[in-house]
Number of protein chains: 2
Amino acid sequence: MHNLLSNLRVDINSSLYLKDPESSLLGINIVKSSIDLIDAHGIEEFNFKKLAKEIGSTESSIYRYFENKHRLLLYISSLYWGIMEFQMVVQTNNVSDGLEKLLKAVETLFSTPQTKCTSFEIEGQKLRHILNSEFVKAYHHKFVDEENEAGCFSIYKRLVSRLSEMIVEVNSDYSFCKSLASVITEGSLNQYFLSEHFHNLTDCHSKDNLYLFYKDLLTKTLMS
Amino acid sequence: MHNLLSNLRVDINSSLYLKDPESSLLGINIVKSSIDLIDAHGIEEFNFKKLAKEIGSTESSIYRYFENKHRLLLYISSLYWGIMEFQMVVQTNNVSDGLEKLLKAVETLFSTPQTKCTSFEIEGQKLRHILNSEFVKAYHHKFVDEENEAGCFSIYKRLVSRLSEMIVEVNSDYSFCKSLASVITEGSLNQYFLSEHFHNLTDCHSKDNLYLFYKDLLTKTLMS
DNA sequence: CAAATATAATAGTAATACTATCATTTAATA
DNA sequence: TATTAAATGATAGTATTACTATTATATTTG
């Protein structure tokens with residue numbers, strides 16, 4: 001906890017970039033504007049040419065920071081999960097009751113990321129919206145295994161593991177802690193997506209309802 | 001039930017194709033070989049040029065059947081969900097007990113599609129593997145709303161609705177029937193994906209374990 | 001057999017996702 | 001302050017993709 005708080009920057013695996021975007025103004029602009037553009041038009045419509053135009057730079061300059069737009073999406077995703085993990089740790093710290101701690105963590109997972117703890121002036125809502133729509137594409141592709149090997153998903157996996165450990169703490173006899181943790185973490189993105197695009201496939205159209213759904217699920221699954 | 005059995009063909013929304021692939025040998029080859037190629041190399045590596053070469057035809061001929069590879073993926077997805085829906089209806093027919101019926105439906109959802117009831121000689125395992133890896137990309141994109149409007153996801157949505165109704169039958173007081181149904185349906189693809197690529201994010205590495213996970217989840221959530 | 005339809009062959013286009021090269025600006029250091 | 005190094009910009013070019021268009025040749029149907 002102390003470590004995390006004193007080192008406010010989310011530490012992103014260096015395999016995700018060629019040059020650390022936090023190290024220069026151009027890098028910061030690349031990340032900031034890519035979030036604006038991807039949020040507005042989606043990852044398919046987004047490319048480095050458009051981004052270069054947006055920030056008044058060139059494609060070649062952007063390619064010095066990120067190998068391609070896929071890696072940039074992975075970077076943005078790690079930023080999101082890093083913030084969420086940070087908030088989760090802060091929110092659950094000093095909560096002694098296991099179930100209360102778990103529910104606090106889940107509540108955090110469904111909240112908007114607080115971007116103040118980054119080098120970038122970005123809007124949390126945009127970041128969440130990108131993740132809701134695009135994160136699944138960041139790992140459903142041909143190179144997932146080698147990127148996973150290289151640590152591209154380490155923050156995400158660590159967050160799911162933390163959640164899983166909280167579940168163990170609540171009920172050590174439960175056999176499916178990891179699966180339950182991953183179902184909830186995915187739900188924290190996908191249920192929002194459903195509410196937006198497949199309205200009739202979910203009952204949860206607000207953060208509060210989502211929390212109630214998973215609170216009910218967790219309580220009954222782990223406490224009965 | 002009777003309707004479904006007597007009309008064995010999965011009825012696929014005509015907005016998904018330009019010319020019905022079931023209406024000719026070429027069409028059948030397009031679908032069959034596209035499943036082989038997408039299963040083997042993923043949707044990103046797949047294109048109509050490669051497919052044309054594989055079946056000894058031309059790009060222009062394929063374009064007469066499908067507007068683009070995205071629509072072809074939607075077609076393949078509908079084929080999968082149509083088969084699953086069919087199996088689900090068959091398996092749950094005549095089961096009077098609500099919970100037993102629901103669990104039977106869920107078990108079906110995690111099984112391999114039986115492709116005998118289609119015009120195509122395709123391997124169910126390949127079809128499942130494609131869905132596990134690619135289905136999320138079929139609806140996480142810019143045109144999801146208009147495609148949804150056009151009925152491109154109607155079979156999928158109908159299946160989730162059926163599941164949701166079974167949940168209502170088990171416990172009509174439960175407030176999150178739709179969300180639970182969609183969580184399970186997504187899990188029927190994604191948990192397999194996790195097992196293959198993010199082994200440590202799930203406890204379920206077999207069909208049986210997956211069933212036990214969701215059986216436990218459903219029983220506790222709806223019966224306590 | 002004629003007419004319609006389906007398929008094949010070929011060519012071409014705009015956009016994408018890069019790579020390469022060299023010039024210029026900015027920053028670091030001696 | 002001069003020198004050097006590093007970062008960025010400007011420009012050009014390539015292979016691939018995702019199509020569209022046109023015309024020729026089969027194949028089917030009336």
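Lettering of chains follows the sequences in order, A, B, ..., and the numbering in each one begins at 1.
Whole-Å rounding puts the B/L73 CG to D/dA18 P distance at 13 Å. The nearest whole Å value for the distance from the CG atom in B/L18 to the P atom in C/dT7 is 13 Å. We find that CD1 of A/I62 is positioned 17 Å from P of D/dA7, with the value rounded to whole Å. Straight-line distance from the CZ atom of B/F143 to the P atom of D/dA18: 14 Å, rounded to whole Å. Between the CG atom of B/L51 and the P atom of C/dA8 there is a distance of 12 Å, rounded to whole Å. Counting to the nearest Å, the P atom of D/dG9 and the NZ atom of A/K53 are 16 Å from each other. Atom C1' of nucleotide D/dT8 and atom CD1 of A/I28 are separated by 16 Å, given to the nearest angstrom. Regarding A/L26, its CG atom lies at a distance of 12 Å from the P atom of D/dA10, rounded to whole Å.
Among A/T115, A/T112, A/D39, the single residue meeting the side chain to side chain donor-acceptor pair (under 3.5 Å) criterion with A/Q125 is A/T112.
Using cut-offs of 30° and 60° on the angle between ring planes, the pair A/F213 and B/F176 is tilted.
In this structure, B/S57 does not reach the C/dT7 phosphate: none of its side-chain N or O atoms is under 4.0 Å from OP1 or OP2. OP1 and OP2 of C/dT7 both lie 4.0 Å or more from every side-chain N or O belonging to B/T58.
Among residues two or more places apart in sequence or in another chain, the ring-ring contact (aromatic ring centres under 6.0 Å, His included) test is passed with A/Y214 by A/F110. Not counting sequence neighbours, the partners of B/F193 by the ring-ring contact (aromatic ring centres under 6.0 Å, His included) test are A/Y139, A/H140, B/H197.
We find that B/K142 and A/E44 are not joined by a salt bridge, their nearest charged nitrogen and carboxylate oxygen being 4.0 Å or further apart. Between B/E107 and B/K104 there is a salt bridge, since at least one side-chain N of the basic residue sits less than 4.0 Å from a carboxylate O of the acidic one. Using a 4.0 Å cut-off between charged nitrogen and carboxylate oxygen, A/E134 and A/K137 count as a salt-bridge pair.
Taking 4.5 Å as the limit, every side-chain heavy atom of B/L18 sits out of range of all side-chain heavy atoms of B/R64. Residues B/F66 and B/K19 fail the side-chain proximity criterion, which asks for heavy atoms closer than 4.5 Å.
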- Query: What string of B, S and - do you get for nucleotides 14-23 of chain C, 5' to 3', if B is base contact, S is sugar-phosphate-only contact and - is no contact with any protein heavy atom under 4.0 Å?
  - Reply: --SSBBB---
- Task: Scan nucleotides 24-30 of chain D nucleotide by nucleotide, 5' to 3', and note B when protein non-hydrogen atoms come under 4.0 Å of the base, S if they reach only the sugar-phosphate, - if neither.
- Result: -------
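Judged purely by atom type and a 3.5 angstrom limit, A/Q87 has no side-chain atom pairing as donor or acceptor with the backbone of A/T108.
Non-hydrogen atoms lying under 4.0 Å from DNA chain D are contributed by nothing in residues 30-39 of chain B.
Sorted by first and then second residue, the ring-ring contact (aromatic ring centres under 6.0 Å, His included) pairs involving residues 145-166 of chain B (not counting sequence neighbours) are A/F198-B/F153, B/W81-B/Y156, B/F135-B/Y156.
Heavy atoms of A/Y65 sit under 4.0 angstrom from primed sugar atoms or phosphate atoms, though from no base atom.
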